[in-house]
There are 2 protein chains.
Amino acid sequence: MANSRSGDSVIARLVRVLATFDAEHTAQSPSEIARRADLPTSTAHRLITDLVESGLLERDEDGRARVGMRLWELATRGSLALGLRQAALPAMEKVQAALRQHTQLGVFDDDQVLFLERLSHPDAGANITRIAGRLPLHASSSGLVLLAAAPPEVLERVLAAPLQELAPGTLTDPEALRRKLAEVRRLGFAASPGSIESVSTGIAVPVRDHGAVVAALGVVLPRDGVDEQRAVAVLRAAAREIEETLTRSRSAFG
Amino acid sequence: MANSRSGDSVIARLVRVLATFDAEHTAQSPSEIARRADLPTSTAHRLITDLVESGLLERDEDGRARVGMRLWELATRGSLALGLRQAALPAMEKVQAALRQHTQLGVFDDDQVLFLERLSHPDAGANITRIAGRLPLHASSSGLVLLAAAPPEVLERVLAAPLQELAPGTLTDPEALRRKLAEVRRLGFAASPGSIESVSTGIAVPVRDHGAVVAALGVVLPRDGVDEQRAVAVLRAAAREIEETLTRSRSAFG
């Protein structure tokens with residue numbers, strides 16, 4: 001890779017460095033970052049030094065780098081993610097109290113579902129979803145809700161790409177997925193039994209702001225003995241509450 | 001300002017651009033960003049174009065820039081802020097349910113309190129705190145808790161700087177602040193009546209991880225008729241719960 005010092009490639013390299021951090025990699029040595037970002041060690045070292053100096057990364061006692069509180073602050077305080085999540089949290093807590101399972105809020109981003117919030121219950125089962133984690137649109141109930149509301153060109157792009165199988169229940173046939181999306185539009189919710197983990201079912205409903213779907217509110221339930229109708233009713237009441245909050249605080253999202 | 005194209009100044013300019021976004025400025029025109037970041041318009045335009053290309057900023061229909069979901073994702077998913085906040089949220093919900101007021105979690109960062117989480121109750125009064133917002137250490141109960149546990153050199157640095165008066169109750173005399181911090185250490189909590197807003201009292205307790213104070217858990221109560229002892233008891237129970245969660249999930253913060 002060219003060790004260009006031009007502005008845009010610094011930003012591109014910055015993104016590659018930041019992309020190496022996630023829940024499994026919260027503290028990394030410079031050489032680990034260089035390797036995972038596919039950057040020459042000297043380039044990575046220089047960039048990490050600059051990032052530590054500016055507070056975007058922090059160094060721990062062992063010389064490993066972490067995402068800086070300053071970066072989190074700058075990325076959070078003006079973001080739509082915070083506004084939507086703040087509007088949704090009280091209603092999500094009610095869903096969690098009623099269903100005692102994982103409750104999550106996802107948005108459409110870059111042809112995937114990006115999860116802004118997740119509340120878990122001690123009694124709840126396994127759940128692959130993480131805050132600031134992503135899932136394919138076709139494989140999760142939240143993604144199906146978002147895809148069902150997406151413009152036709154987005155749908156065609158998603159259908160043209162390979163539909164990855166995450167579990168035996170994942171819809172990987174484009175025609176089956178089209179039929180499923182028509183059902184989601186008709187019913188106003190998505191249920192995706194076994195599409196991510198064979199033992200669980202995702203159920204999600206749309207959250208609208210002035211008519212447009214801006215998020216999906218979902219729960220992950222054990223597949224056995226799931227009361228789908230009750231879950232949908234609880235989710236719909238919560239979505240309505242979020243929509244009212246969004247309408248009231250609209251200026252904050254303008 | 002020199003329009004240098006060197007790497008470190010791109011990062012410095014990036015920080016200046018990102019710092020213009022907050023809850024009051026979620027969407028800004030390029031010229032607004034240039035003005036608020038104190039950058040030449042052409043420099044700001046180029047940098048914004050690069051940032052939009054990389055997904056760190058997004059452009060809305062009116063050509064205004066916003067903090068991108070991608071930036072929020074990269075800054076959040078590996079950050080200690082997320083881990084601490086995830087560990088604290090269930091206990092914070094209990095505090096909020098018990099006291100029905102604002103509940104907040106703050107950490108020490110750059111000689112200030114940085115708030116990672118805030119839960120509000122519909123019945124609660126005004127509160128200046130915001131998620132990803134900051135307050136001076138000496139003026140808030142959370143800050144007093146963090147300052148009381150800070151190394152001596154941090155304390156001396158804070159005491160040597162001007163102690164800004166936010167409200168008539170703010171401690172602005174270094175000797176009075178030293179006495180207050182001794183009291184906080186002795187009592188194991190901080191109460192700061194009227195130090196930020198004359199009508200409210202902040203009460204905060206330390207949250208420890210392996211003995212070291214890693215955060216302050218606080219509430220903001222109306223100053224009249226506040227049951228300080230009950231608030232402290234509720235906060236201490238919640239802090240213990242967070243500490244147990246941190247111990248259990250320690251590997252995640254390693």
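Below, each value reflects all heavy atoms present in this structure, side chains not excepted, and no hydrogens, waters or symmetry copies. Letters A, B, ... are given to chains in the order of the sequence lines, protein chains preceding strands, and every chain is numbered from 1.
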Steps toward side chain to side chain contact (heavy atoms under 4.5 Å, CB included) verdict (Ile131(B), Arg85(A)): CA-CA 11 Å; Ile131(B) 294 174; Arg85(A) 179 267 179 195; 3.3 Å; yes
Test log, rule side chain to side chain contact (heavy atoms under 4.5 Å, CB included), inputs Leu56(A) and Val15(B): CA-CA 8 Å; Leu56(A) 298 187; Val15(B) 169; 3.9 Å; yes
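The contact between Asp22(B) and chain A is made by backbone and side chain atoms together, counting heavy-atom distances below 4.5 Å. In this structure, the portion of Leu89(B) lying under 4.5 Å from any heavy atom of chain A is its side chain and not its backbone. Of the two parts of Arg118(B), only the backbone, made up of N, CA, C and O, holds a non-hydrogen atom closer than 4.5 Å to a non-hydrogen atom of chain A. Leu119(B) touches chain A through its side chain: at least one heavy atom from C-beta onward sits under 4.5 Å away, while N, CA, C and O do not. Heavy atoms closer than 4.5 Å to chain B are found in the side chain of Leu114(A), but not in its backbone. Looking at Leu14(B), the atoms closer than 4.5 Å to chain A (heavy atoms on both sides) all sit in the side chain, from C-beta outward. Heavy atoms closer than 4.5 Å to chain B are found in both the backbone and the side chain of Leu116(A).
Ion pairing between Lys94(A) and Glu93(B) fails under the 4.0 Å rule for side-chain N and carboxylate O.
Using a 4.5 Å cut-off on side-chain heavy atoms (C-beta onward), Glu53(B) and Ile11(A) make no contact.
By a heavy-atom distance cut of under 4.5 Å, Leu71(B), Trp72(B), Glu73(B), Leu74(B), Ala75(B), Thr76(B), Arg77(B), Gly78(B), Ser79(B) are the residues of residues 71-79 of chain B near chain A, going up by number.
Among Glu58(A), Arg70(A), Glu117(A), Glu24(A), the residue with the largest count of heavy-atom pairs under 4.5 Å with chain B is Glu117(A). With chain A as the partner, the residue from Ser54(B), Ala81(B), Pro90(B), Gly133(B) showing the most heavy-atom pairs under 4.5 Å is Ala81(B).
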